Amino acid sequence: MSSAVRAVIVHAPHDLRVEDFALSAPGPGEVEVRIERGGICGSDLHYYHDGGFGTVRIKAPMVLGHEIAGTVSAVGEGVSRVAVGQRVAVNPSNACGRCSYCERGLQAHCLDMRFFGSAMRFPHVNGGFRERLVCTEAQAVPVREGVGADVAVFAEPLAVVLHAAARAGSLAAKRVLVTGCGPIGALAIIVARHFGAREIVATDVAARTLGIARSIGADETLNVGADAAALDPFKADKGRFDVAFECSGHKSGVADAIATVRPRGTIVQVGIGGAEMPIPINAVVAKEIDLKGTFRFYEEFEQAVDLLGSGRIDVSPLHSATIPVERAKEAFDLASDKSQSMKVQLAF
Ligand SMILES: [Zn+2]
Ligand SMILES: [Zn+2]
């Protein structure tokens with residue numbers, strides 16, 4: 001049995017269409033989810049504006065979206081974790097479980113990863129911006145009773161940040177810098193606060209964004225666009241911060257982090273920039289800075305769902321607008337305007 005559902009499909013840069021997309025019934029071990037909310041992410045915007053990023057390019061039309069939550073609408077044979085009517089956050093990450101990285105517990109580096117809404121492999125893996133989708137039972141993560149899809153849909157970006165925090169090590173009593181306060185930087189502030197950071201300083205170039213950063217727990221916010229010297233006091237004595245989350249992907253953010261992290265401090269590079277990024281490498285050497293990459297997440301997805309369900313963090317200040325899926329183009333344009341929005345959600 002197969003039918004069609006409405007889906008947000010990118011055909012080429014600035015060619016985004018809401019069209020019918022085939023849906024087949026869930027097979028053994030699979031779950032059909034009626035999607036309620038989809039969060040528009042930076043990577044979705046890269047596909048929309050540029051047709052991709054770095055070497056990742058759209059070679060065929062692809063359904064976008066990897067931040068998705070909804071309610072189970074059908075289950076295949078043998079499914080026991082969820083039943084029809086259960087609200088779930090859908091984990092977009094589906095590792096093979098058999099390759100050398102999966103065997104070592106490094107599923108984020110799976111050699112055969114199928115990640116929703118990603119053009120990294122071809123044929124592309126279609127994403128979750130569609131009325132219904134079929135995923136594996138393991139990908140449908142139950143959310144606590146009473147947690148809305150508008151909250152559950154934050155599980156994916158929160159998982160990204162929980163993984164970045166795991167790369168940083170303990171944040172308790174640490175002085176933390178966050179450069180770039182889009183949705184990921186904002187979640188880094190929330191997570192650093194949650195894990196007991198002693199001081200959180202956040203930078204951005206947009207006043208509105210910095211206002212949100214303050215409201216969610218940054219002790220100090222600095223507009224490095226308006227005042228390039230704003231971080232100078234933090235460079236004294238070889239640097240003040242124990243940990244920096246570089247979330248801007250901009251060379252000035254990287255340079256700021258290197259200049260203000262203390263010797264033997266840690267920088268977690270979360271933002272992705274262009275193919276080539278100038279790095280003041282001598283300071284990394286002389287200050288013995290631990291400069292670490294972070295990529296997606298694995299077990300952190302379930303932790304993120306738990307944390308959102310616990311009510312111990314509040315992500316609602318990041319949610320700027322909800323727009324019906326038929327107006328997806330408008331939603332993508334709004335999400336692209338950082339002066340007006342943080343996280344824009346599609347409603348299905
Ligand atoms: Zn995302
Ligand atoms: Zn694998």
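Computation of the quantities below employed the complete heavy-atom set of this structure, encompassing side-chain atoms and omitting hydrogens, waters and symmetry-equivalent molecules. Order of listing sets the numbers, starting from 1, for every ligand and every atom in it. Just so you know, these numbers come straight off a predicted model, no measurement behind them.
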- prompt: In this structure, which one of Leu64, Val63, Val90 forms a side-chain contact (heavy atoms from CB on, under 4.5 Å) with Phe116?
  reply: Val90
message: On the six-membered ring of Phe348, is Arg37 placed so that its NZ or CZ lies under 6.0 angstrom from the centre and within 45° of the ring axis?
response: no
message: Please name the atom of Glu156, limited to N, O or S, that comes nearest to the Zn ion (ligand 1).
response: OE1
query: Do any N/O/S atoms of Glu67 come under 2.8 Å of the Zn ion (ligand 1)?
result: yes
query: Is the distance between the ring centroids of Tyr48 and His46 under 6.0 Å?
result: no
- line: Rounding to 0.5 Å, atoms SG (Cys110) and CG (Asn94) come to a distance of 8.5 Å
statement: Looking at His66, the N/O/S atom that lies nearest to the Zn ion (ligand 1) is called NE2
Angle subtended at the Zn ion (ligand 2) by Cys99 SG and Cys96 SG, rounded to 10 degrees: 110°
query: How wide is the angle at the Zn ion (ligand 2) between SG of Cys102 and SG of Cys110, to the nearest 10°?
result: 110°
task: Check whether any N, O or S atom of His109 sits under 2.8 Å from the Zn ion (ligand 2).
output: no
query: Do Phe301 and Val147 share a hydrophobic cluster, counting only Ile, Leu, Val, Met, Phe, Trp and Tyr and linking them when any side-chain heavy atoms are less than 4.5 Å apart?
result: yes
